[in-house]
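Before any comments, here is the structure.
Hydrogens, waters and symmetry mates are skipped; everything else that's a heavy atom, side chains included, is used. Indexing begins at 1, ligand by ligand and atom by atom, following the structure's order.
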Amino acid sequence: MVLSAVAITGCSKHHTDGAVGSSQLTAACVSALNDSFAQDVHPFLVKNCAGCHTNGGSGKTKFAESSVSLAWGEFSSMGNSGIEKVYNNAISDSHAPGVTGSAIESEATLAHDNYDATLSGCTSGIVAGTQTEAKILNLDLGDEETLVWNLSDSLSPSVSGMSGAFLFLDIRADAGGYYVISNPRIRTGPNGIIVRDVTVYINGSKVDIATLYRGVNMEIPAWTSESSNEGTLSLDSIILESAVSPSTELQLAFAALVAN
Ligand code: HEC
């Protein structure tokens with residue numbers, strides 16, 4: 001279900017393995033991060049962490065695989081905060097005593113700072129958009145329901161760091177024969193979420209009247225519950241002119257939806 005009208009940063013979907021921010025950063029950024037990882041971070045990880053963070057080892061994420069592309073895929077699965085996690089564990093005396101700790105702090109700092117410089121440059125200019133999968137509205141006149149999207153598996157392109165995050169939208173098939181949507185809201189998990197510019201699509205076409213959510217520009221904190229003000233994207237209801245019919249499909253698209 002591709003919405004050609006949505007400006008989605010092209011190449012991100014060619015980067016597989018959930019590459020860092022592939023859906024939230026431009027292809028150029030992902031490529032720059034991949035290069036920085038290969039040059040600045042990967043050698044450090046292989047040298048110091050391969051005892052555990054490789055296939056068969058006890059470390060959960062296998063970011064110290066000798067293959068750069070495998071290691072990059074693993075590293076990127078941790079999202080944009082991966083570099084901080086790696087750094088913090090690298091300099092921790094208790095994480096893997098004898099391996100991690102102050103002895104490798106200067107090396108770790110160098111790896112961190114080089115990568116982080118590239119990352120900060122990228123995140124200051126987020127451009128990538130994403131969209132939800134389509135929901136079929138199987139409503140009779142007078143019915144209402146809450147549409148729910150699990151943001152960790154229903155966005156295209158997918159966005160990392162969305163575990164535990166859900167998007168809700170109330171919809172009613174008005175007796176007058178049209179749909180009314182209201183109360184778009186997001187519940188967050190361990191990450192905060194930045195949301196910009198929400199558009200509504202019916203059967204793959206942008207609903208022009210649904211401009212009311214276009215101004216959304218919010219930073220929702222981590223662990224925000226479904227019903228809180230902080231997670232409410234808009235208090236406005238929107239009447240969609242499209243006629244109520246059993247096969248109607250609805251999607252939301254975002255200029256930006258990124259874990260923070
Ligand atoms: C002696 C084995 C061992 C070594 C060596 C080791 N780790 Fe770990 N690491 C683990 C284990 C086990 C876990 C999972 C449990 C936990 O989070 O503590 C883990 C978890 C982590 C995590 C949490 C993310 C995840 O899902 O894996 C990070 C980040 C991490 N290690 C970084 C490092 C870095 C960086 C190094 C090298 C400088 C390193 N570790 C060396 C055993 C190790």
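Nearest non-hydrogen protein atom to atom 11 (C) of ligand 1 is Gly59 CA, 3.5 Å. Considering only non-hydrogen protein atoms, atom 36 (C) of ligand 1 sits nearest to Cys49 SG, 2.7 Å. Protein heavy atom nearest atom 14 (C) of ligand 1, with residue, atom name and distance: Lys60 N, 4.1 Å. Nearest protein heavy-atom neighbour of atom 18 (O) of ligand 1: His95 CE1, 3.8 Å. Among all protein heavy atoms, the one lying closest to atom 12 (C) of ligand 1 is Ser58 O, 3.3 Å. From the protein, the heavy atom lying nearest to atom 3 (C) of ligand 1 is Cys52 SG, 2.6 Å.
For atom 40 (N) of ligand 1, a protein heavy-atom neighbour is present inside the 4.0 Å cut-off.
Counting atoms of ligand 1 from 1 in the listed order, those under 4.0 Å from a heavy atom of Lys85 are 29 (C). Every atom of ligand 1 with a heavy atom of Ala96 under 4.0 Å away is listed here by number and element: 1 (C), 3 (C), 4 (C), 5 (C), 6 (C). Less than 4.0 angstrom separates some heavy atom of Asn89 from each of these atoms of ligand 1: 21 (C), 22 (C), 23 (C), 28 (C), 29 (C), 30 (C), 31 (N), 32 (C), 33 (C).
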- Task: Determine, step by step, whether Phe75 and Tyr115 satisfy the ring pair (Phe, Tyr, Trp, His ring centres under 6.0 Å) criterion, reporting the C-alpha distance in whole Å, the side-chain angles of both residues, the deciding distance to 0.1 Å, and the verdict.
- Result: CA-CA 12 Å; Phe75 177 77; Tyr115 186 88; 5.4 Å; yes
- Item | Candidate pair Arg185 and Glu226, rule salt bridge (Lys or Arg N to Asp or Glu O under 4.0 Å), full reasoning | CA-CA 7 Å; Arg185 56 206 186 273; Glu226 180 195 334; 3.1 Å; yes
- Does the pair Leu141 and Val244 meet the rule for a side chain to side chain contact (heavy atoms under 4.5 Å, CB included), with working shown? CA-CA 7 Å; Leu141 291 185; Val244 171; 3.9 Å; yes
- Under the side chain to side chain contact (heavy atoms under 4.5 Å, CB included) rule, what do Lys62 and His53 come out as? Steps first, then yes or no, please. CA-CA 4 Å; Lys62 313 303 181 193; His53 289 277; 5.6 Å; no
- Message: side chain to side chain contact (heavy atoms under 4.5 Å, CB included) for Trp149 and Leu155? Distances and angles first, verdict last.
- Response: CA-CA 9 Å; Trp149 288 271; Leu155 291 173; over 6 Å; no
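Within the structure, the closest approach of Tyr87 to ligand 1 does not fall below 4.0 Å when heavy atoms are considered.
Taking a 6.0 Å sphere around CG of Asp153, one finds it holds more than 12 heavy atoms contributed by other residues, nucleotides or ligands.
Between Asn48 and ligand 1, not a single N/O pair is under 3.5 Å apart.
Counting only non-hydrogen atoms, the option in Thr61, Thr54, Leu45 that gets closest to atom 27 (O) of ligand 1 is Thr61. Comparing Val86, Asn88, Ile104 against atom 35 (C) of ligand 1, the shortest heavy-atom distance belongs to Val86.
Taking a cutoff of 4.0 Å between a charged side-chain nitrogen and a carboxylate oxygen, Glu107 and Lys47 qualify as a salt bridge.
A donor-acceptor contact closer than 3.5 angstrom links the side chains of His112 and Glu84. For the 3.5 Å distance criterion, the side chains of Asn55 and Glu65 fail to qualify, holding no donor opposite an acceptor.
Summarising the geometry of Lys135 relative to Leu147, their closest heavy-atom pair is CB-CD2, 4.3 Å, with the distance given to 0.1 Å.
With 2.8 Å as the limit, His53 counts as an N, O or S neighbour of atom 8 (Fe) of ligand 1.
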